[in-house]
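One structure is given here, and the rest of the page talks about it.
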Amino acid sequence: MFTRRQPLPESMDAALVSSFETPEGLQIVPTAVTAPGPGEVVVRMAYAPIHPADLVSLRGRYGVVAPLPFVPGLEGSGTVVRSGGGLGARALVGRRVAVLAFFAAQGTWAPFVTVPASHCVPLATGVPLKRGATLLINPLTAMGLLEPGQVAHGSVLVTVASGSLGRMIMGWGRHLGLHMIGCVRREAQREALKRLGHAEVFNAATPEFPAQLRILCRRYRIHTALDATGGALVGHLLDHLEEPGRVVVYGLLEREPAPFSGFPVIFRDVQVSGFWLQRWWAGRSLVERLRRAVTVQMKSEIFSTDVQATVPLAHLKEAIALARHNRSEGKVLLRLDPTLED
Ligand SMILES: NC(=O)c1ccc[n+]([C@@H]2O[C@H](COP(=O)([O-])OP(=O)(O)OC[C@H]3O[C@@H](n4cnc5c(N)ncnc54)[C@H](OP(=O)(O)O)[C@@H]3O)[C@@H](O)[C@H]2O)c1
């Protein structure tokens with residue numbers, strides 16, 4: 001068990017991406033532990049999830065591509081063991097935190113990560129480190145997508161209502177009093193959402209769905225759609241959303257990019273825009289970030305993430321295979337320090 005009185009090790013066994021071209025480009029190798037600069041902290045990591053964005057970053061296809069070699073991993077949880085100085089950083093030493101590794105040279109798939117203190121959120125008593133590992137990216141995205149001003153009218157269509165984030169968007173929207181309509185691509189996903197109490201969930205993978213979408217948009221007066229496919233569905237939404245309408249694309253799960261006609265964008269009052277949490281987060285004050293993080297911790301019935309497996313970092317390749325193939329079963333968490341208690 002590492003304590004904050006011990007000197008930091010110089011090296012750790014971390015996940016390291018050294019090439020985007022071959023599976024061997026990702027290995028667990030000895031990697032330097034970075035000493036914290038002013039305003040930074042070192043977090044002894046307990047858990048980190050494998051998110052879809054992590055998987056694309058391994059292939060160099062994310063919105064920010066770190067210079068090779070780099071430690072991947074966008075978020076996680078652990079205990080702050082060192083500060084590089086500064087009030088905010090010093091105050092965190094000894095605290096259990098959720099960590100974001102946005103724009104950081106090192107990601108969270110490592111026993112230690114060095115990040116700005118402002119990228120750590122203290123965990124409330126009773127919030128386990130396991131839950132802290134997925135406390136920020138998806139919950140804050142759900143909040144950002146449904147911020148006042150983003151959704152002008154009462155009905156919102158969510159194209160990928162399955163998966164961790166889709167369920168949170170559905171739950172948070174309902175909590176805000178919005179009428180949430182979900183789409184999935186398999187019957188089992190529809191049943192799972194119905195069991196969570198969502199009445200209007202449709203299978204978008206059926207051949208009749210484009211025609212059904214037209215009726216749905218009229219019946220429920222849907223002006224806003226939140227889309228994580230980035231595929232053909234975007235074109236159908238532009239054709240059928242009520243005016244003024246907006247499709248917010250926040251994911252690119254569909255392999256084939258959206259082929260859509262400019263006709264509805266020009267002649268109908270419908271727009272397409274994008275949402276990226278890193279940009280949204282950068283535009284929020286510290287107080288605002290903390291306020292959201294407190295809400296996320298309090299609303300555990302909405303912002304909890306199912307975990308399908310917890311896998312030691314040494315078995316990273318198996319963990320990645322699991323995360324790729326069973327996405328609707330919940331997140332795969334990497335166990336980074338087995339001695340850190342929840
Ligand atoms: N823009 C941002 O700031 C931001 C932030 C967070 C997340 N995201 C994005 O949000 C998306 C969901 O994240 P997550 O954490 O919820 O992922 P997740 O837990 O892995 O769930 C993904 C879900 O999407 C479904 N899916 C996969 N490909 C699909 C497709 N082509 N059409 C319809 N459904 C599909 C999966 O169903 P199956 O089981 O059938 O595969 C699964 O239910 C990802 O694209 C992620 O990158 C974006």
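Order of appearance sets the numbers: ligands from 1, and atoms from 1 within every ligand.
Salt-bridge annotation for K194 and E191: absent, with no side-chain N of the basic residue lying under 4.0 Å from a carboxylate O of the acidic one. A salt bridge is defined here as a Lys NZ or Arg NE, NH1 or NH2 lying under 4.0 Å from an Asp or Glu carboxylate O, and E147 with R292 meets this definition.
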Discussion item. Please determine whether side chain to side chain donor-acceptor pair (under 3.5 Å) holds for the pair S162 and R185, giving the CA-CA distance in whole Å, both sets of side-chain angles, and the decisive distance to 0.1 Å.
Written reply: CA-CA 8 Å; S162 56; R185 65 172 176 177; over 6 Å; no
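Under the 3.5 Å distance criterion, the side-chain polar atoms of S155 are matched with a main-chain donor or acceptor of Y220. Distance alone, capped at 3.5 Å, places no donor-acceptor pair between the E301 side chain and the G171 backbone.
Results of the side-chain contact (heavy atoms from CB on, under 4.5 Å) test with L146 over L176, V248, V158 single out L176 as the only residue that passes.
Residue-level contacts of ligand 1 at the 4.0 Å heavy-atom threshold are P52, I137, N138, T141, V160, S162, G163, S164, L165, R185, R186, Q189, T229, Y250, G251, L253, E254, F275, W276, L277, R327, S328, K331.
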